[in-house]
2 protein chains.
Amino acid sequence: MDYQNYVLMLKAMADPNRLKIIDLLSCGSLCACDILEHFDFSQPTLSHHMKVLQNAGIVTARKEGKWQHYTLQAEFTAKFRQGTELLLASNEECVCHGDDCIDQQTSHSRKVVITNEKS
Amino acid sequence: MDYQNYVLMLKAMADPNRLKIIDLLSCGSLCACDILEHFDFSQPTLSHHMKVLQNAGIVTARKEGKWQHYTLQAEFTAKFRQGTELLLASNEECVCHGDDCIDQQTSHSRKVVITNEKS
DNA sequence: CGTTTACATAGATATAGGTCTATATTGTAG
DNA sequence: CTACAATATAGACCTATATCTATGTAAACG
């Protein structure tokens, strides 16, 4: 997995209002008007935020009459946790062991550590 | 926990370059010049990104001679996972059950679900 | 002491993003 | 068909931010 999708999720989540929307939806589906009641911003602003969340694969929309029902995408939770674990793990799955990685033998800081490290 | 610190982490992580820096550091400490080798941007830009990561509590810096050694903050991993679980959990720890939450009995969409739901 | 190396800071610039008002679209009900 | 209600789209505006060049600072070295 490259981090493209994970970054997309992070960007969508990195807004207090959208994070609150996700939190609301983690308790179950809601329509736009119900979500809007929890915020001070305008309806078009909510529409914008919901589109961001959909584009990131975090939320799905299901139209029912006049109402848009928003639901947390089932795969989101698993995918986000997976991306997080992949990022934070220091094992061989770590991306930095790929072709774009540090050459630990020629690393400058490694040389310094050998000659100057005191602790 | 309010989400303030979690949002700060998310904002710092929601950049492909900073995400790659975190990934690099998940394999161990590195000095600025070693990190810089993996990127095309300038040294001041890296300095900026490292400051963002420090302000978010993700990275710590330790000066050793001329070199700045950057390390993933020990608490970051745990705190981020904790914030993620708190966000995605649909149990009573969910923030939306606080005073700023949905009144599920008077929810408009709930009424609609009862009268119009087919599936 | 002067030079080089590693990094930080200052300031400029350009793009991204969050918000608004105004308006369009779509569905429901009379 | 008309009116209203729920949501989406368009476009403007402003702030945040990612980047750069130029310069400052601090440590090591001859």
Side-chain angles (χ1 to χ4, degrees), chain A residues 7-22 25 29-56 58-71 107-118, chain B residues 7-22 29-56 58-71 107-113 115-118:
Chain A
V7 173
L8 202 64
M9 291 179 182
L10 287 172
K11 283 193 183 210
M13 296 167 71
D15 175 90
N17 291 324
R18 284 196 295 263
L19 200 63
K20 186 173 169 183
I21 293 171
I22 295 174
L25 291 177
S29 300
L30 288 173
C31 79
C33 55
D34 283 335
I35 298 175
L36 190 56
E37 286 177 2
H38 295 79
F39 296 95
D40 291 330
F41 51 63
S42 65
Q43 173 268 323
T45 297
L46 176 65
S47 200
H48 161 72
H49 285 312
M50 297 317 294
K51 182 179 270 184
V52 172
L53 289 172
Q54 289 179 75
N55 289 339
I58 295 177
V59 158
T60 53
R62 170 179 48 94
K63 194 158 194 177
E64 200 163 312
K66 293 185 291 185
W67 292 275
Q68 275 284 16
H69 286 258
Y70 293 106
T71 311
S107 164
H108 188 73
S109 68
R110 177 151 182 84
K111 282 185 290 186
V112 171
V113 166
I114 291 172
T115 54
N116 285 355
E117 190 77 81
K118 288 175 290 297
Chain B
V7 172
L8 200 65
M9 290 179 184
L10 287 172
K11 284 192 181 207
M13 295 167 71
D15 175 272
N17 291 323
R18 285 197 294 264
L19 200 63
K20 185 173 169 183
I21 293 171
I22 295 174
S29 299
L30 288 173
C31 78
C33 54
D34 283 335
I35 297 175
L36 190 57
E37 286 177 1
H38 296 79
F39 296 95
D40 291 330
F41 52 62
S42 65
Q43 173 267 320
T45 297
L46 176 65
S47 199
H48 160 72
H49 285 312
M50 297 317 295
K51 182 179 270 184
V52 172
L53 289 171
Q54 289 179 76
N55 289 339
I58 295 178
V59 158
T60 53
R62 170 178 49 93
K63 193 159 195 177
E64 201 163 313
K66 294 184 292 185
W67 291 275
Q68 274 284 16
H69 286 258
Y70 293 106
T71 310
S107 164
H108 188 73
S109 69
R110 177 150 183 83
K111 282 185 290 187
V112 171
V113 165
T115 55
N116 284 355
E117 188 78 81
K118 287 173 291 297

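Chain A is the first sequence line, chain B the second, and so forth, proteins listed ahead of strands; every chain is numbered from 1.
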Position toward the 5' end of DNA chain C (nearest nucleotide), A/Lys66 or B/Lys51: B/Lys51

Between C/dT5 atom C1' and B/Lys63 atom NZ, what is the distance in whole Å? 12 Å

For the base of C/dA8, is there a side-chain donor-acceptor partner from B/Gln68 under 3.5 Å away? no

Between D/dA6 atom C1' and A/Leu30 atom CG, what is the distance in whole Å? 15 Å

For the atom pair CG (A/Asp15) and CG (B/Leu10), what is the distance rounded to the nearest 0.5 Å? 10.5 Å

Starting at atom CG of B/Leu46, determine the distance to atom P of D/dT19, rounded to an integer number of angstrom. 10 Å

Rounded to the nearest Å, what distance is computed from the CE atom of residue B/Met50 to the C1' atom of nucleotide C/dT9? 17 Å

Considering every strand and a 4.0 Å limit on heavy-atom distances, what is the contact class for B/Phe39: base, sugar-phosphate, or nothing? nothing

Value rounded to 0.5 Å, distance of SG in A/Cys31 from CD in A/Glu64: 10.0 Å

B/Arg18 side chain to B/Ala12 backbone, donor-acceptor under 3.5 Å: yes

B/Asp34 CG to C/dT5 C1', in whole Å, measures 14 Å

Close N/O contacts between protein and nucleotides 15-19 of chain C (under 3.5 Å):
residue	atom	partner	partner atom	Å
C/dG18	OP1	A/Arg18	NH1	3.4
C/dG18	OP1	A/Arg18	NH2	2.7
C/dG18	OP2	A/Arg18	NH1	3.2
C/dG18	OP2	A/His48	NE2	3.4
C/dT19	OP1	A/Asn17	ND2	2.9
C/dT19	OP2	A/His49	NE2	2.3

Atom CD of B/Glu37 to atom P of C/dC7: distance rounded to whole Å? 10 Å

Integer-rounded Å distance: D/dT7 C1' and A/Ile21 CD1: 14 Å

Using atom CD of A/Gln43 as one end and atom C1' of C/dA22 as the other, report the distance to the nearest whole Å. 12 Å

Interatomic distance, B/Leu53 atom CG to B/Leu19 atom CG [nearest 0.5 angstrom]: 9.5 Å

Straight-line distance of A/Glu37 CD to A/Leu30 CG, nearest 0.5 Å: 9.5 Å

Report yes if the distance between the aromatic ring centroids of A/His49 and A/Phe41 is under 6.0 Å, otherwise no. yes

Using modelled atom types only, decide if a donor and an acceptor are shared between the side chain of A/His38 and the backbone of A/Asp34 within a distance under 3.5 Å. yes

